[in-house]
Amino acid sequence: MISSHDPVLENALVKVRGLTFRRGERAIFDDVSLEIPRGKITAVMGPSGCGKTTLLRLIGGQLRPASGYLVVDGAEITAMSRAELMQLRKRMGMLFQSGALLTDLNVFENVAFPLREHTTLPESMIRDLVLMKLEAVGLRGARNLLPSELSGGMARRVALARAIALDPMMIMYDEPFTGQDPISMGVLVRLIKLMNDTLGLTSIVVSHDIHEALAIADYVYILSAGKVVGRGSPADLSQTDNPWVRQFVQALPDGPVHFHYPGAAFAEDLRL
Amino acid sequence: MLDLLQELGRWSLKGLQRLGRSNVFMLYVLGGIPMCVRRPRLVITQMFAVGVLSILIIFVSGLFVGMVLGLQGYNTLVDFGAEESLGVLVALSLVRELGPVVSALLFAGRAGSALTAEIGLMKATEQLSAMEMMAVDPLHRVIAPRLLAGIIAMPLLAAIFSAVGVFGGYLVGVGMLGVDDGAFWAQMQASVEIREDILNGVIKSLVFGVAVTWIAVFEGYDTLPTSEGIGRATTRTVVNSSLAVLAFDFILTALMFNK
Amino acid sequence: MVEYRKIEILVGAFVFAGLLALTILAMKVSNLTDFGGGDGYEVKAKFDNIGGLKVRAPVKMAGVQIGRVAAIGFDNKTFQAVAVMKIDRKFNAIPKDTAAKIYTAGLLGEQYISLEPGGDEESLKDGDTIVLTSNAVVLEQVISQFLYSKAAGDDKSGS
């Protein structure tokens, strides 16, 4: 275990303390604390349904926690007004699992969307900026296509170009690798790494694709059942004897996360 | 028996909750009106979707409703030897009632359902969420222009419906059944009042426009983000907005035309 | 951009069609063109009983509509109804001793004011009052008078 005195974490961009979030009766997060270091790629992993996406929405301020606090770049999110939150979000990019491109706009207009909404730049400069961002994700030639004409991997790359349009300080990736063929998965892995290094971003990657995530992450959190069950660098995690982490990293079918959904004993259920 | 009461209670509470949510929703959406004024392009694009694309059905329905009115009205009036009043009958029925009401019902089916489906789909595919994360308020950017476009388009569509309907009545009455041309228009002009009839008709269609578009965008925004949820929301839009139009029509008619 | 231009043109056409329809409704279907605005002069007439006369009821002369009832008031001193008529400016040579009568169009139709010209050299001007008036025929009064006289007549013949 790494203590919070770790020099990497001292200068954290996002600090989460005692976060509790409930959906109905079910606690998605129960007293979770974690830090996202500045300028690094942090992977948040865990089995499906453990609330990884919810964490991103909490950081983005789209959801409000039941208790605990979230600090992003020194500002407390839960105490922000709507206007302050909007200002903060201009400095955050988020890549949704589906890409979430606006279906009535073409690729160019999708990337131009945040620029048009938040700046009063002249058309020629918007054009230059958009083409620059599209070039970065390798889709400058696809600028006139509609989102419906893109493959899933291309849609995510366009969404990435859109997310970096306003030159944010951080990008949150929601399951960027899910459902991708090996080639586009490789492209995305490379892009995330490249963006992070060249643009000096802070990246949060939420994923359950262990190999890809471990390949690019500088730091990893593993969540399960609303708690942080493991944390550390990818090297630390592959050597750990923590049963949670071992089960997840080595993809074991049974372990602390049970194969069987909780219920009465089998024998009892069969009325033996 | 108690179960039945409980069911009724739950149903009413749910309805009240929805009503409250839709009011809060509307309040936020109205905050987006200044943006629409600053960027009229957003509204114009939506006017195309709700207005221009509804013209054909409005035009054809108006023509046929007018023609049927001409035919039926003639058959009734001719028994009293009052077929010259056909113009009055056609024009008053259209301007006061059928124009605003039928075009609002058609509008709910054509544009309202499309609005709900579009917004519901945007919600289901996380487009609204993505906008929020890009610091763009979807209520201002997506909903407000659509609401405004619907409210502007509705009275225009109703006016087109009525005008085309009067023309349809004229075609049948004067063209086919031989009512005197001059009497048709003269009697109509003598009895139709600009303020009492035409202005009230416009006010009616404005109210219907608000009701239908409001219901449509709210249902879309409030939908469950699944394909089944969108389907249900679309149905609810058509049913609820049709009922709202008919209910408002009764109230407005009672307020406007009782002497 | 070409796409947007097309949309703008179509929306423009739509709004134009809507406004055109409204104009047609106002001009062709209703009566915006005649007796609509303030073009005309006002003449008053006092009646003991105006029956069911309403504001905007027609004012006719020789069966031709020349104006409308603009307002109906009540004179607190003479306990009479005051009907203010707005006469179109075209009809500016109506003699001063013209009589006003309230008639009903048909047996159950709307009531209107009929002006019957006198022979005065001077004509009515804005604000003038018509002195010669006759009241509305109230159907109930006619019927009850008829029944009463009938009953009285029966009594006489019976005794």
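Keep in mind that what you see is a predicted model, and the values were worked out from it rather than measured. Chain letters run A, B, ... following the sequence lines, proteins first, then strands; residues in each count from 1.
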Problem set entry | Salt bridge present between A/K133 and A/D167 (N-O < 4.0 angstrom) | yes

Exercise. So, are A/E117 and A/R162 salt-bridged, with charged N and O less than 4.0 Å apart?
Worked result: no

Problem set entry | Part of B/S129 lying under 4.5 Å from any heavy atom of chain A | both

Exercise. Quick one: which of A/L34, A/V32, A/V16 gives a side-chain contact (heavy atoms from CB on, under 4.5 Å) with A/Y221?
Worked result: A/L34

Exercise. Pick from B/T45, B/T125, B/V136: which one has the most heavy-atom pairs with chain A under 4.5 Å?
Worked result: B/V136

Exercise. Under 4.0 Å between a Lys/Arg side-chain N and an Asp/Glu carboxylate O for A/R127 and A/E123?
Worked result: no

Exercise. Can you pull out the residues in residues 68-96 of chain A with any heavy atom less than 4.5 Å from chain B?
Worked result: A/R82, A/M86, A/R89, A/K90, A/M92, A/M94, A/F96

Exercise. Does the distance from a Lys or Arg side-chain N to an Asp or Glu carboxylate O, for B/R236 and B/E219, drop under 4.0 Å?
Worked result: yes

Side chains of residues 112-122 of chain B: which donor-acceptor pairs under 3.5 Å do they make with residues two or more places apart or in other chains?
{"unit_1": "B/S113", "atom_1": "OG", "unit_2": "B/G109", "atom_2": "O", "d": "2.5"}
{"unit_1": "B/T116", "atom_1": "OG1", "unit_2": "B/G112", "atom_2": "O", "d": "3.1"}
{"unit_1": "B/T116", "atom_1": "OG1", "unit_2": "B/A216", "atom_2": "O", "d": "3.0"}
{"unit_1": "B/T116", "atom_1": "OG1", "unit_2": "B/T237", "atom_2": "OG1", "d": "2.6"}
{"unit_1": "B/E118", "atom_1": "OE1", "unit_2": "B/R146", "atom_2": "NE", "d": "3.1"}
{"unit_1": "B/E118", "atom_1": "OE1", "unit_2": "B/R146", "atom_2": "NH2", "d": "3.4"}
{"unit_1": "B/E118", "atom_1": "OE2", "unit_2": "B/R146", "atom_2": "NH2", "d": "2.8"}

For this session: Identify whether the distance between the nearest side-chain nitrogen and carboxylate oxygen of B/E97 and B/K204 falls below 4.0 Å.
Result: yes

